[in-house]
Every structure is written in C-alpha cells, then in structure tokens.
Amino acid sequence: MTEHVQTTSTARWTTCVKAVLKGSGQVMFQGNGWTGLLFLIGIFIGAYQEGQPPVAWGALVGLMASTLAGMLLHQPADEGNNGLWGFNGILVGCAFPTFLGNTPLMWTALVLGAMMSTWIRTGFNHVMASWKTNSLTFPFVFTSWIFLLAARMLKGLPPEYMSAPELTATLHTALDTSPGSLFVYWLKGIAQVFLINSWVTGIFFLAALFVSSRWAALWAAVGSALALGVALLYQAAGSSIASGLYGFSPVLTAIALGCTFYQPGWRSALWALTGIVATVFIQAGMNALMMPFGLPTFTAPFCVATWLFLLPLYKLDEKEPDHSAWHKRKKLTHDHRTTD
C-alpha cells in the first residue's frame, strides 16, 4: 500500500514537472519538456551573462506561478499537461525584472501578474473562439502593459529600466554590418523572444527547437534572418537591430504560420514569408504607437500579424488551418514531436 502511494506521488510530481517545462516550450509552440528545459537553461545563461539574474529567476517564478494558477482554478487538465497554463506566465516573469526595479513589491506583482495571465488567457480564448483563433501570447502582453503603466503611478513599482515617454525616435545610429556582427544580431533576434539580449541564448533556443521540431528550428532561423534583412533594408534604428528587437516577433510569426497552424508546403511557406515581412512593419508601427507611453511592444506585433494571417481562414493545404489550442496541433512530419 505504501509503495503504491509513493508511486502515485512520484507520478504526480513527474507530471507536474513536465507541465512546467512544457509551459516554457509552448512560448514557441513546442509542447516538449526537453525543449522547455533547454529554453530555461538558455534564459539563465543569457541573463547571467548580461548581468540580469533577476530576469532568469523571474522567468522561473512566473512559469511556476501561472502553472499553479491553472491548478487552483481547476482549468482543463489536458491544457496543463501540455504546458498551456505557463507560457504567458514565464514571459511575464521575464518582463517585470527587465523593466522594473528589483524590490519585494515587484516580485509580489510578478507573481500576481503571472497568475492573472492564466485566467486572462482563458477569457480571451473564449472571446476569440468564434473567430476560430486564440489569444496566442497576448495575455502576457496585456498583463505586462497594465502593470508597467501602473508603475508610472505607484512608487512601490519603480519603473527603473523603462523608457521615458517620447514622440520621436533616433534612427540614425551607427551599426556594424560585418558578417560576424550580422550573425550575432540574427541569433539575438531569436533570444529576444524571452527578452534575453544574448547570442549564446539564441544558439540554445535553436537547439531546443531542433529537439522538438526541425521545422520549428528552421522557421525560427528563417524568421530572424528575413526580419534582419528587412530591418536593414528599410534602415530601422541601429540599436534596435543590434539588440535583435526586430527579430523576436517575426520568429514567432514564422513558426506559427510556417509549421504550426499550417502544414509545411510551398504555399504555406510563401504565406509565412509574407507574414514575417509584414511583422517587421507591424513591429515598427507599434514601436511608434507605444513610444508616447514609454512601453515596449513585447510580442504584440507577432499576435497582430498572426491573427491577420489566420483570420481569413485560407486553405493553403488540403485541410483547414488548425486553429484549436496550441497543443491540438497536427502531426506535421515524423520528426515533429509535441510531447517528450
């Protein structure tokens, strides 16, 4: 009897750990525990490399808090088992220490915000279900915007690292366009999905994606590279290009359109490439929109672009696009694994 209880308890802990790790992986549509673990390792390496340890620990706290919220609210177990409770929370956990001062009240707000993102996702998904799409990472964006705006008015949330509200941007900044530098910018575009400004983290993220899906790794690489090219062609701010800030939303758009909601093929590839380019312009436009508020866009450009390319419900293959929850994706190829 005791052995049975111990076995059951171990199985529950294993399931819980997998759910947490998959929550990390689901930021890039991968319900794979090993991918999620590599993402976390990449976050910790990049955050410590950049002298921002609170960002790494914030990611872990946010991931656990949002997963706990799903358990406490008795949300569908299959969603939790596939990491769908945690992917917004981990991004909230990355964002708060990136832009707010490292105080006890900030950490309290981080836990609250991460937990809120779980039930906000459920509400947004209910609203968007009639449009045959879902909220993607917008619950993270919405939650973070609210708390960062509140920080302008609350002394207990010091907006220590937030940009000052402004009306014009400085675009003509020097940029090194040597092959080595462009390689670094390309990798940073992938790392910035988790708000990490490190090319080493970008390598970890590509490897993590490859573990789960070669298609996802390929499209992440293509998304960052094409976005970098478009940003250079249209002469975006050099500092933003160098930090990978024009790459992270196109990376997510690329994975979403290239191999998640559509089967890989030449038609979906053209659609995904178009979506990547469009995301760069949406990114620039939303940068201008947010400047007067001193707010980052986060992954809002990805959300807007992906919605615009999914809402027409075009058939790019023999089947309708799969607009169900992230874990209900089609088996794209024999090597595209959604679970570990």
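In this text, all values refer to a predicted model and were calculated from it rather than measured experimentally.
- Residue pairs meeting the side chain to side chain donor-acceptor pair (under 3.5 Å) criterion with at least one partner in residues 149-160, sequence neighbours excluded, are absent.
- When the ring-ring contact (aromatic ring centres under 6.0 Å, His included) test is applied to F281, the partners found at least two apart in sequence or on another chain are Y234.
- Between W145 and F138, the ring-plane angle classifies as perpendicular under the 30° and 60° cut-offs.
- Side-chain contact check for T98 and Q52: no donor-acceptor pair (N or O, by modelled atom type) lies under 3.5 Å.
- Residues F99 and F298 bring their aromatic ring centres within 6.0 Å.
- Residue F124 qualifies as enclosed at atom CZ: its count of foreign heavy atoms under 6.0 Å is above 12.
- Remark: T274 engages F309 in a side chain to side chain contact (heavy atoms under 4.5 Å, CB included) (not counting sequence neighbours).
- Taking the six-membered ring for Trp and the full ring otherwise, the centers of W271 and Y314 sit less than 6.0 Å from each other.
- Partners of I146 according to the side chain to side chain contact (heavy atoms under 4.5 Å, CB included) rule, which considers only residues two or more places apart in sequence or in another chain, are F142.
- Partners of F183 under the ring-ring contact (aromatic ring centres under 6.0 Å, His included) rule, at least two apart in sequence or in another chain, are W186.
- No hydrogens or angles considered: a donor-acceptor pair under 3.5 Å links the side chains of D176 and S181.
- Counting non-hydrogen atoms of neighbouring residues, nucleotides and ligands closer than 6.0 angstrom, the CD atom of Q49 exceeds 12 such neighbours.
- Checked against the 6.0 Å centroid threshold, Y185 and W199 do not count as a close aromatic pair.
- With sequence neighbours excluded, no residue forms a ring-ring contact (aromatic ring centres under 6.0 Å, His included) with W119.
- Side-chain contact check for T253 and T279: at least one donor-acceptor pair (N or O, by modelled atom type) lies under 3.5 Å.
- Proximity of a side-chain donor or acceptor of S224 to a complementary backbone N or O of G247 within less than 3.5 Å is not detected.
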